[in-house]
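Everything on this sheet refers to the single structure shown next.
Convention: sequence-line order gives letters A, B, ...; per-chain numbering from 1.
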Protein chains: 2
Amino acid sequence: MSAHDSDTTRERIADAAGEIFADRGFDGTTVRDICQRAGANIAAVNYYFGDKKRLYVEAVVRAHRWRMEQFPLPDWPVGTPAEKKLADFITTFIRRVRIGPEITWHTRLMMREMAHPTDACVELAQSSIRPQFEILLQILRELVPEGTTVDELRLAAFSIVGQCLFYHFADPVIRNLLTTEDYTSLDVQRLAEHITEFSLKSVRHMAQHEREEALR
Amino acid sequence: MSAHDSDTTRERIADAAGEIFADRGFDGTTVRDICQRAGANIAAVNYYFGDKKRLYVEAVVRAHRWRMEQFPLPDWPVGTPAEKKLADFITTFIRRVRIGPEITWHTRLMMREMAHPTDACVELAQSSIRPQFEILLQILRELVPEGTTVDELRLAAFSIVGQCLFYHFADPVIRNLLTTEDYTSLDVQRLAEHITEFSLKSVRHMAQHEREEALR
DNA sequence: AATTGATTTAAACAAATGTTTAAAACAATT
DNA sequence: AATTGTTTTAAACATTTGTTTAAATCAATT
């Protein structure tokens, strides 16, 4: 099925570890479970990775690499309208975080690491976030009225990212709130369209607030 | 300090358990740690709660109760404008989820339970969510142009809740992204104002999309 | 003061878990 | 065929962890 076919033992273990760590967290995962799923001997973890902790780090690194090459941002030709860039950004972002039938453990493991950072992975996780955040800020800068402060810009960025992340972290809640039918209708494209529209409307009227204030 | 003063042993243990469960999760928490922090004997957990699992459930129940009475929604007099209700809802919601210096373990434990539900608590957690969600839907119904479908309404609600939850789940990331100064400026009121404005702008123009579509 | 029931304590138990070991099996090279 | 280095295996080890036990302590009542 998942991580049992032709691969080196090292890789089978890393994959099996990723799956189980993603589901049950570091403490909830036993070395025995990993080795069993990988079809390897109990001693293999220490033989190949030294200890459980270093195996965990390896799994996170792999998850990160896989996700980065799996869901790249398009490189926009100069002159691409900012609206298009924002739509692309949001679509890509949702693809990266949304849990769905086709989604592997990689995303779940990374999200776990974001919410509860392990000291071993804190730089990795966050060094990958900052550049993405900067890209979003640049896109928003093009959309927002002149004179918008960087603080307002950041809050707008948080609002957008928050909407996307919701469909990851609140997944159990959403499943419970909606019928199966309604839940499955929430595919990536639908969500991306909604969030893009919702956000564009706000971002375009970003300075409206100050204008209103000024009129009083 | 935290859970060591004059209280019954049972209560001291429940509180200490809540704190540690919130920080390290169920598997990462040992009964010995709990009893030590509570200043109780190792056997006290089983004496008062039967086993570790039932103590966990008790901690979650307490966290839920505490949060509900700590951050109630105001009961709006008839005729309160929907804008005001939305602002109140968002403020209350952020108070409930935001991590801050004054926030106790209760919120962290509940959020953990939302993201990774335990079979023992799944009904509790989710039965508390649905009514809140319905309230938000009703508020939005007043704000949104006539003819807005319930699906669109739900997506808008998700967008609002998502923005609020972001400041909980992404807290480690935000801390890393911002300077200490900028981070501390993100108090509840500031966030609530931003999210309310951001969302109101979108919600009011909710039907704009269909109108644009119709014009094509 | 004696009795009764509840609580606390120290010690022990059994199971689970991360890790190590030493021998066996395997694969490639000479 | 012998050798060498790598990989796999079963068993054991040392801790940790949840739980239990039986005695001791405490508190209230008779």
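Looking at residues two or more places apart in sequence or on another chain, you find a salt bridge (Lys or Arg N to Asp or Glu O under 4.0 Å) between A:Asp88 and A:Lys84. Under the rule for a side-chain contact (heavy atoms from CB on, under 4.5 Å), the partners of A:Arg65 that lie at least two apart in sequence or sit in another chain are A:Val61, A:Arg62. In this structure, A:Lys52 has no salt bridge (Lys or Arg N to Asp or Glu O under 4.0 Å) partners at least two apart in sequence or on a different chain.
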Only distances under 3.5 Å count here; give the side-chain donor-acceptor pairs of residues 117-125 of chain A to other protein atoms, sequence neighbours excluded, each with its distance to 0.1 Å.
{"unit_1": "A:Thr118", "atom_1": "OG1", "unit_2": "A:Glu113", "atom_2": "OE1", "d": "3.1"}
{"unit_1": "A:Thr118", "atom_1": "OG1", "unit_2": "A:Glu113", "atom_2": "OE2", "d": "3.3"}

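Between B:Gln36 atom CD and D:dG18 atom P there is a gap of 14 Å when expressed in whole angstrom units. Summarising the geometry, the separation between CD on A:Glu11 and P on D:dT7 is reported as 13 Å, rounded to the nearest angstrom. Following rounding to the nearest Å, B:Phe21 (CZ) and D:dT17 (P) show an atom-to-atom distance of 13 Å.
Applying the salt bridge (charged side-chain N to carboxylate O under 4.0 Å, His left out) definition to pairs two or more places apart or across chains, those involving residues 166-185 of chain A are A:Arg98-A:Asp171, A:Asp171-A:Arg175, A:Asp182-B:Arg154.
In this structure, B:Lys201 pairs ionically with B:Glu197, as a charged nitrogen and a carboxylate oxygen lie closer than 4.0 Å.
Across all strands, A:Tyr48 comes closer than 4.0 Å only to sugar-phosphate atoms, never to a base (heavy-atom distances).
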For nucleotides 18-24 of chain C, give me every protein contact, N/O to N/O, under 3.5 Å, one pair per line with atom names.
{"unit_1": "C:dG18", "atom_1": "OP1", "unit_2": "A:Thr29", "atom_2": "O", "d": "3.3"}
{"unit_1": "C:dG18", "atom_1": "OP1", "unit_2": "A:Lys52", "atom_2": "NZ", "d": "2.7"}
{"unit_1": "C:dG18", "atom_1": "OP2", "unit_2": "A:Val31", "atom_2": "N", "d": "2.9"}
{"unit_1": "C:dG18", "atom_1": "N7", "unit_2": "A:Arg32", "atom_2": "NH1", "d": "3.0"}
{"unit_1": "C:dG18", "atom_1": "O6", "unit_2": "A:Arg32", "atom_2": "NH2", "d": "3.1"}
{"unit_1": "C:dT19", "atom_1": "OP2", "unit_2": "A:Lys52", "atom_2": "N", "d": "2.9"}

